[in-house]
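Written below as structure tokens is the structure these notes are about.
Every chain is numbered from 1, with letters handed out A, B, ... down the list of sequences.
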2 protein chains.
Amino acid sequence: MNAPRIESTLVSVDVLTLRFDAEAHTVLLAIAPRAFDPFAGEPALPGVLLGKGERLRDAAHRAVTTKLGLPEVTATGQLATFDEPSRDPRGPTLSIALWATLDPAASASGPTWTRLSDVPALAFDHNRIVTDCRPILADKLWRDPTFTAGLLGREFTTAHALDVTEALTGDRPYPANLGRTMDRVPGLERTTQHAAALPQGGRPPLVWRWTTP
Amino acid sequence: MNAPRIESTLVSVDVLTLRFDAEAHTVLLAIAPRAFDPFAGEPALPGVLLGKGERLRDAAHRAVTTKLGLPEVTATGQLATFDEPSRDPRGPTLSIALWATLDPAASASGPTWTRLSDVPALAFDHNRIVTDCRPILADKLWRDPTFTAGLLGREFTTAHALDVTEALTGDRPYPANLGRTMDRVPGLERTTQHAAALPQGGRPPLVWRWTTP
DNA sequence: GCAAAAGTGTTTCAGGTACACCCATGG
DNA sequence: CCATGGGTGTACCTGAAACACTTTTGC
């Protein structure tokens with residue numbers, strides 16, 4: 001051991017946990033009240049301190065499991081790092097933001113779910129994290145297959161895809177154009193199946209499926 | 001203090017230090033032999049352990065100053081985080097990769113300078129860091145004004161811009177098309193000045209300047 | 001004047017956007 | 001058969017790529 005010994009900054013992993021809610025036609029973000037000081041009782045993103053030798057994705061799983069009480073995470077990925085020294089009143093802490101997606105079919109009771117465009121005041125600098133990461137999430141849709149598949153699940157309809165796109169980018173594309181966008185996504189195939197018709201009528205949407213699960 | 005006490009992973013900041021060399025018509029990366037074990041004597045990216053409360057950009061400055069012996073850094077920015085636990089034989093260490101640019105006019109003696117497409121075998125996982133970050137760097141050119149201005153300096157010619165673009169993206173655009181690209185970069189203006197003519201003849205290139213330094 | 005290199009204008013093409021029209025379902 | 005909403009085909013428009021041609025220098 002020849003390198004100088006330096007007391008290192010603590011590293012926390014904060015997770016933007018996303019779930020597609022088909023009934024609400026939107027993507028929801030999970031938040032939970034903090035159990036401890038500082039900011040005890042205030043809503044916050046789930047976060048844990050990164051353990052020695054722990055991988056970022058394992059820490060993200062741990063945050064979702066212990067802070068939100070959700071058992072399953074379908075996929076995770078990096079977003080950005082926040083290094084403001086005053087972001088935690090306890091002392092300087094590095095925050096690495098990750099995204100995590102949940103199976104849209106699984107139950108999701110436990111955390112509070114909020115629209116991305118309607119996030120309440122959160123603890124620490126978590127509102128800044130959400131604001132800064134939102135365009136990164138929008139950019140990943142249809143370009144990062146892991147993220148897109150995690151959010152929409154193995155099978156989904158054009159109507160679902162329209163809802164997710166509107167929730168992340170802010171505007172709803174024409175169904176025809178979105179279909180052509182999806183035709184160009186590698187690993188995604190248009191099936192011949194149609195979903196069940198909607199309660200209010202209308203043509204049943206096409207089903208899409210990932211070829212490489 | 002109510003949060004559980006966890007021994008945290010060490011965080012190192014590894015820097016891709018870039019300099020535009022007008023004579024060599026390319027962008028060069030700085031590497032220096034390691035002073036200590038492990039990998040003593042082998043070339044590596046300059047890196048330091050992040051101190052408690054230290055900002056990432058300050059750590060990057062420190063790495064460039066102490067490991068490369070260069071006094072001035074014009075700009076820095078984040079690239080990506082590497083969390084492979086076995087990347088450092090001493091134990092698990094998180095590596096946050098940053099870019100740093102140097103004034104192309106300043107002297108740059110001290111480190112070894114290498115072409116991005118011709119990087120020798122480096123210590124740790126540094127070759128992987130360079131490989132993974134190269135497309136990110138190419139993407140930042142002409143889209144991240146801080147990066148672009150840091151690399152090319154306050155004033156530069158179309159010929160310089162052609163060289164930098166070729167070095168980062170791999171192919172040399174038509175001068176006419178690159179000029180139109182630069183016309184769309186905010187904060188960059190086409191002047192009426194022409195640079196001194198080149199030794200081998202040819203029309204003197206236009207000078208471009210940043211309006212917001 | 002010739003070679004070299006940059007700048008101008010124009011053509012071409014691909015991608016994305018918009019929209020008119022058709023199809024399938026519920027009431 | 002009408003309202004609703006997804007699907008097909010197509011027109012249009014913008015932005016990038018390619019290239020012929022002109023301009024400005026050194027030799």
Would you find a donor on one side and an acceptor on the other, under 3.5 Å apart, between the side chain of A/H126 and the backbone of A/A44?
no
Taking 4.0 angstrom as the limit, do A/D163 and A/R172 come out as a salt bridge?
yes
Taking the basic N atoms (NZ, or NE/NH1/NH2) and the acidic carboxylate oxygens, is any pair closer than 4.0 Å for A/R87 and A/D14?
yes
Electrostatic pair A/R134-A/D132, nearest N-O below 4.0 angstrom
no
Could you tell me from which nucleotide to which nucleotide of DNA chain D, 5' to 3', there is an atom under 4.0 Å from chain B heavy atoms?
D/dA16 to D/dC27
Give the residues of residues 170-185 of chain A touching DNA chain C, defined as any heavy atom closer than 4.0 Å, sorted by residue number.
A/Y174, A/N177, A/R180, A/R184
Plane angle bin for A/W210 and A/F156 - parallel if under 30°, tilted between 30 and 60°, otherwise perpendicular:
tilted
With a 3.5 Å distance limit and no angle check, can you tell me whether A/E42 reaches the backbone of A/P33 through a side-chain donor-acceptor pair?
no
B/R190 vs C/dT8: side-chain N/O to OP1/OP2 distance below 4.0 Å:
yes
Should the pair A/D58-A/R62 be classified as a salt bridge under the 4.0 Å nitrogen-to-oxygen rule?
no
With B/E155, which residues qualify under salt bridge (charged side-chain N to carboxylate O under 4.0 Å, His left out), at least two apart?
B/R209
